[in-house]
Amino acid sequence: ITWILGGFGTIVGGAYFPTDMMPPWMQKIAMVNPITYCLNALRMTMLQGYSIVTIAKPLTTLLGIVAIFLPISLGVFSVAVRKGRREGTLTQY
């Protein structure tokens, strides 16, 4: 499942072809995929020579994604570790 979701994420994120060439439903998925903004920022700096100031939009979007999902993921991870300790299954997998 990880391989399938990872592959889908890179395809929808624009790793193989630009997101504006995708069908509209895939473009909507790409807008919530952090890989899209990372790749856009990399392409702007490496291929087009943009400075850090000119890639402020993708960077602020990434910071917003981090601000939302980092606390959520840390909370979920904390709950999972506590559950694993309680059940004694941390080293099972």
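For the numbers below, each heavy atom of this structure counts, side chains included, while hydrogens, waters and symmetry mates do not.
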For this session: State which residues pass side chain to side chain contact (heavy atoms under 4.5 Å, CB included) with Leu74; sequence neighbours excluded, sorted by chain then number.
Result: Leu70

Problem set entry | Rounded distance [0.5 Å steps], OG1 in Thr60 versus OH in Tyr37 | 10.0 Å

For this session: Say whether Leu62 and Met46 are linked into one hydrophobic cluster, either directly or through other cluster members, by side-chain heavy-atom distances under 4.5 angstrom.
Result: no

Exercise. After noting the C-alpha distance and the side-chain angles of Ile52 and Ile55, does the key distance pass the side-chain contact (heavy atoms from CB on, under 4.5 Å) rule?
Worked result: CA-CA 5 Å; Ile52 195 88; Ile55 61 165; 4.2 Å; yes

Problem set entry | Pairs touching residues 39-53 that satisfy side chain to side chain donor-acceptor pair (under 3.5 Å), sequence neighbours left out | none

Exercise. Between Thr10 and Gly7, what is the shortest heavy-atom contact and its length?
Worked result: OG1-O, 2.9 Å

Anything under 3.5 Å between a donor and an acceptor, one on a side chain of residues 13-20, the other on a protein residue two or more places apart or in another chain? List them.
none

Exercise. In terms of hydrophobic clusters joined by side-chain contacts under 4.5 Å, are Val12 and Phe69 together?
Worked result: no

Exercise. Rounded to the nearest 0.5 Å, how far does CD1 of Ile68 lie from CG of Leu63?
Worked result: 11.0 Å

For this session: Calculate, to the nearest 0.5 Å, the distance between atoms CD1 and CD1 belonging to Ile11 and Ile35 respectively.
Result: 11.0 Å

Exercise. By the rule that ILVMFWY residues connect when side-chain heavy atoms come within less than 4.5 angstrom, directly or transitively, which residues belong alongside Leu5?
Worked result: Ile1

Problem set entry | Taking every non-hydrogen atom, the tightest pair across Met22 and Gln27 | O-NE2, 3.0 Å

Seminar exercise, completed: The side chain to side chain contact (heavy atoms under 4.5 Å, CB included) partners of Trp25 (sequence neighbours excluded) come to Pro23, Ile29

Problem set entry | Nearest-0.5 Å distance, SG of residue Cys38 to CG of residue Leu59 | 9.0 Å

Seminar exercise, completed: Smallest heavy-atom separation, Pro71 atom then Val66 atom, equals CD-O, 3.8 Å

Considering only distance and modelled atom types, tabulate donor-acceptor pairs under 3.5 Å from the side chains of residues 77-86, sequence neighbours left out.
unit_1: Ser78; atom_1: OG; unit_2: Arg82; atom_2: NH2; d: 2.9

For this session: Can you see which heavy atom on Thr54 is nearest to which on Met44, and at what distance?
Result: O-CE, 4.3 Å

Exercise. Nearest 0.5 Å, what's the CG-CE distance between Asn33 and Met26?
Worked result: 10.5 Å

